[in-house]
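Heads up: numbering here begins at 1 and tracks the sequence.
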Amino acid sequence: MFYWLIDLSNTVPGMGVFRTFLNVFRYITFRTGGAMVTGALFVFLFGPWIIDHLRLRQGKGQPIRSDGPQSHLLTKIGTPTMGGLMILSGLVVSTLLWANPLNPYVWIVLAVTLGFGFVGFYDDYLKVTKQSHGGFAGSIRLLLEALIALAACYALVRLGRQPFSSSLVLPFFKDVLLNFGWFFLLFGAFIIVGAGNAVNLTDGLDGLAIVPVMIAAASFGLISYLVGNAVFSDYLQINYVAGTGELAVLCGAVLGAGLGFLWFNAPPASIFMGDTGSLALGGMLGSIAVAVKHEIVLGVIGGLFVLEAVSVIVQVVSFKLTGKRVFRMAPIHHHFEQKGWTEPQIVIRFWIIAVMLALAGLSTLKLR
């Protein structure tokens with residue numbers, strides 16, 4: 001919306017006084033900051049109303065797993081879920097206000113985010129209405145996610161320049177590309193679906209998922225800005241992808257909306273993110289990583305999410321093959337709960353890990 005003011009100032013007579021001021025809207029950095037503030041204010045202002053509305057509609061709130069930590073049956077019962085609606089509302093409003101509406105990358109990533117959010121919303125809806133943690137069939141959910149991710153990857157490959165758009169870029173090497181051809185669609189879809197479900201698995205304690213998501217969003221906001229800038233990408237010897245700089249505005253919107261959500265999600269949480277938010281935000285991070293050709297770096301910056309997902313895979317495989325469990329409980333944050341760590345200890349220590357991994361991932365921009 002604000003982006004159109006620039007064209008308006010150039011066409012309407014008498015707007016010369018404001019033209020210099022309005023030119024500031026051309027700067028991605030300014031609009032990223034604006035999106036961050038807008039997202040935070042939106043969630044701050046409308047968050048209480050959304051929480052009250054969800055609490056009234058959901059009654060008993062999110063069902064708590066009986067096979068999970070027993071303390072959750074006492075401390076978290078009755079808390080409403082679908083808090084991702086708060087984040088997505090702030091994200092969409094601030095993105096529409098501040099991003100360039102003609103940029104296709106913004107619409108592709110936004111489509112993945114909302115598509116995954118809809119899948120998560122339906123899963124949350126079934127859990128709440130049936131008061132069961134089962135949701136709908138995992139195979140169907142994965143299929144829907146895969147279709148959304150495949151469509152997004154196809155659009156990204158067609159949008160970029162060949163063969164670069166269908167290649168995997170290796171960190172630390174400025175000229176090494178692995179051209180996957182059209183098999184890149186499967187690889188990219190795997191990254192997006194994997195990121196969505198990894199964030200979903202991480203969302204098990206108050207504030208545990210949202211802060212690492214914000215850290216990853218801030219990191220990829222910087223990466224998007226640098227990759228989409230011909231001067232900076234040439235200086236850093238990273239591959240230039242025209243148009244992706246605008247994704248920094250979307251990342252700023254996530255950062256702002258996430259800060260607003262954290263206000264209500266801080267322990268003890270007034271609302272849970274739910275699959276509505278975790279799937280959407282994970283899918284968003286995955287699609288941005290594919291768009292800016294930093295899929296491997298996502299595995300480093302989002303290493304905490306990878307660790308959570310791997311802990312579940314290891315636990316399941318070990319139990320099926322040997323009948324023994326590697327961890328006391330999976331995902332791994334529950335393992336530390338069973339070892340006696342308090343919830344704030346786990347959450348803050350995982351935040352510290354997320355910051356360190358983000359710094360490690362960002363270091364790949366210069367180490368070439």
Given the rule that I, L, V, M, F, W and Y join up when any side-chain heavy atoms are under 4.5 Å apart, are [X] and [Y] in one cluster?
| X | Y | result |
| --- | --- | --- |
| Ile271 | Trp49 | yes |
| Leu298 | Leu359 | yes |
| Met214 | Leu91 | yes |
| Leu262 | Val37 | no |
| Val312 | Phe336 | no |

Do you know the tightest heavy-atom contact between [X] and [Y]?
| X | Y | value |
| --- | --- | --- |
| Val297 | Pro171 | CG2-CG, 4.0 Å |
| Phe44 | Leu259 | CZ-O, 4.4 Å |
| Ala291 | Leu247 | CB-CD1, 4.0 Å |
| Ser167 | Pro163 | OG-O, 2.7 Å |
| Leu88 | Ala280 | CD2-CB, 3.8 Å |
| Gly282 | Val199 | CA-CG2, 3.6 Å |

Checklist entry - Going by the angle between their ring planes, with limits at 30° and 60°, are His333 and Phe350 parallel, tilted or perpendicular? => result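 Rings of His333 and Phe350: perpendicular, over 60°.
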Roughly how far, to the nearest 0.5 Å, is [atom2] of [Y] from [atom1] of [X]?
| X | Y | atom1 | atom2 | value |
| --- | --- | --- | --- | --- |
| Glu246 | Ser224 | CD | OG | 10.5 Å |
| Ser311 | Ile332 | OG | CD1 | 5.5 Å |
| Gln345 | Leu205 | CD | CG | 12.0 Å |
| Leu255 | Ser94 | CG | OG | 10.5 Å |
| Thr79 | Ile51 | OG1 | CD1 | 10.5 Å |
| Ser233 | Ile223 | OG | CD1 | 13.5 Å |

Checklist entry - Taking Thr276 as the fixed residue, which of Thr81, Leu85, Ile87 is the one that meets the side chain to side chain contact (heavy atoms under 4.5 Å, CB included) rule? => result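 Exactly one pass, corresponding to Leu85.
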Next on the checklist: Does this structure show an ion pair linking Glu337 with Lys339, if we count only N-O contacts that are shorter than 4.0 Å?
Outcome noted: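 So Glu337 does not pair with Lys339 through a salt bridge.
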[X] side chain near [Y] side chain, heavy-atom distance below 4.5 Å:
| X | Y | result |
| --- | --- | --- |
| Glu308 | Leu208 | yes |
| Arg349 | Trp341 | yes |
| Leu144 | Tyr122 | no |
| Val193 | Phe116 | yes |
| Lys366 | Tyr235 | yes |
| Leu186 | Phe180 | no |
| Met284 | Val109 | yes |
| Val292 | Tyr105 | no |

Closer than 3.5 angstrom, by distance alone: can the side chain of [X] be matched with the main-chain N or O of [Y] as a donor-acceptor pair?
| X | Y | result |
| --- | --- | --- |
| Thr364 | Ala360 | no |
| Asn103 | Gly243 | yes |
| Trp263 | Val43 | no |
| Arg31 | Trp98 | yes |

Item to check | Derivation of the side chain to side chain contact (heavy atoms under 4.5 Å, CB included) call for Leu357 and Ile301 | outcome: CA-CA 5 Å; Leu357 289 171; Ile301 293 176; 6.0 Å; no
Checklist entry - Is the centre of the Phe183 ring less than 6.0 Å from the centre of the Phe187 ring? => result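 Judged by ring-centre distance (under 6.0 Å), Phe183 and Phe187 do not meet the cut-off.
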Checklist entry - Does the pair Val119 and Asp123 meet the rule for a side chain to side chain contact (heavy atoms under 4.5 Å, CB included), with working shown? => result CA-CA 6 Å; Val119 173; Asp123 199 32; 5.8 Å; no
Item to check | Verdict with supporting geometry, Leu279 and Phe121, side chain to side chain contact (heavy atoms under 4.5 Å, CB included) | outcome: CA-CA 9 Å; Leu279 275 179; Phe121 174 82; over 6 Å; no
Item to check | Worked verdict on Phe272 versus Asp206 for side chain to side chain contact (heavy atoms under 4.5 Å, CB included) | outcome: CA-CA 7 Å; Phe272 296 143; Asp206 298 346; 3.5 Å; yes
Under 3.5 Å, side-chain donor or acceptor atoms of residues 319-330 against the rest of the protein: list the pairs with distances, not counting sequence neighbours.
residue : atom : partner : partner atom : Å
Thr322  : OG1  : Ser318  : O            : 2.6
Thr322  : OG1  : Lys324  : N            : 3.2
Arg328  : NH1  : Gln338  : O            : 3.1

Next on the checklist: So for atom CZ, which belongs to Phe164, do other residues, nucleotides or ligands contribute more than 12 heavy atoms lying within a distance under 6.0 Å?
Outcome noted: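 Yes, because the 6.0 Å sphere around CZ of Phe164 holds more than 12 heavy atoms from other groups.
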Item to check | Over 12 non-hydrogen atoms of neighbours within 6.0 angstrom of OH in Tyr240 | outcome: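 Correct, the count exceeds 12.
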Item to check | side chain to side chain donor-acceptor pair (under 3.5 Å) assessment of Ser166 paired with Asn179 | outcome: CA-CA 6 Å; Ser166 59; Asn179 187 8; 3.2 Å; yes
